[in-house]
Trainee: 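Take this structure, written in structure tokens, and hold onto it; I'll ask about it next.
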Amino acid sequence: MVSWSDFDSIKKKMKFVKPLNLYQDLQKLRAVDRGRFLGLDVGDKYVGLAVSDFDNKVASPLSVLVRKKNNIGLMALDFEHLISKLSLSAFVVGYPYINMQKNSQNAIHVKGFVDDLCNTGKLEDVKYTLWNECYTTKNVELLLKPLNLHPVEAKTSSDKFAAVAILQAYLDFVNRYAVTEQSQ
């Protein structure tokens, strides 16, 4: 089972925050200071990106970054630019909680990406959380299949829309939680 303490080493650089706490911390800020969320679908070759609206209710596709072992520094610079340009407050990273196995190949892959990003030292104050992304890419691929896209376009589109699915699931959850809290 995945434990939040598994990410203690990451906390020192980027700041890991549990999903609900991340949203609650953001809600404590003034509306103009809240910012938006960036959703990430981490794949072998691409990282799909999605961004929330300013009310943090709706996720939209943004772009896809090419991922290589030697370009993590460039990706960190891209993230710095996006944080500034889009008024981002935190990242929601898709994490495969398949059967709650923290050592699945995909889970190790995502943790490695986050570790590498943290080790660049460029995103020191960025908060992030992990959100269950099981089967998001497969579901998006099934939706895109009838469009008969070129293989490269299909792959980048599936990564981008998987990021939308991850971020939207997170937004739906935290907004539902906020409504429940207000009604009590």
Trainee: Would you say Val17 and Tyr177 are hydrophobically clustered, going by side-chain heavy atoms of ILVMFWY under 4.5 Å?
Mentor: yes
Trainee: Is Leu20 reachable from Val92 through a run of hydrophobic residues whose side-chain heavy atoms are each under 4.5 Å from the next?
Mentor: yes
Trainee: Which salt bridge (Lys or Arg N to Asp or Glu O under 4.0 Å) pairs, counting each pair once, include a residue from residues 53-74, with sequence neighbours left out?
Mentor: none
Trainee: Do the side chain of Thr120 and the main chain of Ala76 share a donor and acceptor less than 3.5 angstrom apart?
Mentor: no
Trainee: If I take atom OG from residue Ser63 and atom CG from residue Asp78, how far apart are they, to the nearest 0.5 angstrom?
Mentor: 8.0 Å
Trainee: Do Arg30 and Asp33 come within less than 4.5 Å of each other through their side chains, counting heavy atoms only?
Mentor: yes
Trainee: So, for Val51 and Leu167, which heavy atoms are closest and what is the spacing to 0.1 Å?
Mentor: C-CD2, 3.6 Å
Trainee: Got a second to check how far Tyr95's OH is from Ile166's CD1, nearest 0.5 Å?
Mentor: 13.0 Å
Trainee: If hydrophobic clusters are built by linking Ile, Leu, Val, Met, Phe, Trp and Tyr wherever their side-chain heavy atoms come under 4.5 Å apart, do Val58 and Leu82 end up in the same one?
Mentor: no
Trainee: What donor-acceptor contacts under 3.5 angstrom involve side-chain atoms of residues 38-49, with partners at least two apart or in another chain?
Mentor:
residue, atom, partner, partner atom, Å
Asp44, OD1, His109, NE2, 3.1

Trainee: If you look at every heavy atom in Leu171 and Asn56, which pair is closest and at what distance?
Mentor: CD2-O, 3.4 Å
Trainee: Look up atom CD in Glu80 and atom CG in Leu77, then write down how far apart they are to the nearest 0.5 Å.
Mentor: 5.5 Å
Trainee: Hey, is the main chain of Met14 close enough, under 3.5 Å, to the side chain of Tyr128 for a donor-acceptor pair?
Mentor: no
Trainee: Set out, in order, the CA-CA distance, both residues' side-chain angles and the distance that settles side chain to side chain contact (heavy atoms under 4.5 Å, CB included) for Val93 and Thr129, then state yes or no.
Mentor: CA-CA 6 Å; Val93 181; Thr129 196; over 6 Å; no
Trainee: Would you say the side chain of Lys122 lies within less than 4.5 Å of the side chain of Phe79, judging by non-hydrogen atoms?
Mentor: no
Trainee: Distance check, rounded to the nearest 0.5 Å: Asp159 atom CG versus Leu65 atom CG?
Mentor: 10.5 Å
Trainee: In the single-linkage hydrophobic clustering (I, L, V, M, F, W, Y; side-chain heavy atoms under 4.5 Å), do Phe91 and Leu86 co-cluster?
Mentor: yes
Trainee: Quick one: are Cys118 and Leu123 in side-chain contact, heavy atoms under 4.5 Å?
Mentor: no
Trainee: Enter the distance from Asn21:CG to Lys127:NZ here, rounded to the nearest 0.5 Å.
Mentor: 9.5 Å
Trainee: Is there a donor-acceptor pair under 3.5 Å between the side chain of Gln168 and the backbone N or O of Ala59?
Mentor: yes
Trainee: Test your reading of the model: is there a side-chain donor-acceptor pair from Ser52 to the backbone of Phe37, 3.5 Å cut-off?
Mentor: yes
Trainee: What verdict does the side chain to side chain contact (heavy atoms under 4.5 Å, CB included) test give for Tyr97 and Glu133, after you've listed the backbone C-alpha separation in whole Å, the side-chain angles of each residue and the deciding distance to 0.1 Å?
Mentor: CA-CA 7 Å; Tyr97 287 102; Glu133 64 122 16; over 6 Å; no
Trainee: Rounded to the nearest 0.5 Å, what's the gap from OG on Ser89 to CG on Leu22? Could you check?
Mentor: 7.0 Å
Trainee: Is there a donor-acceptor contact under 3.5 Å from the side chain of Arg34 to the main chain of Leu29?
Mentor: yes
Trainee: Is it true that the side chains of Tyr23 and Asn175 contain a donor and an acceptor less than 3.5 Å apart?
Mentor: yes
Trainee: Looking at every heavy atom in both Ala107 and Pro96, which two are closest together, and how far apart are they?
Mentor: N-CG, 3.4 Å
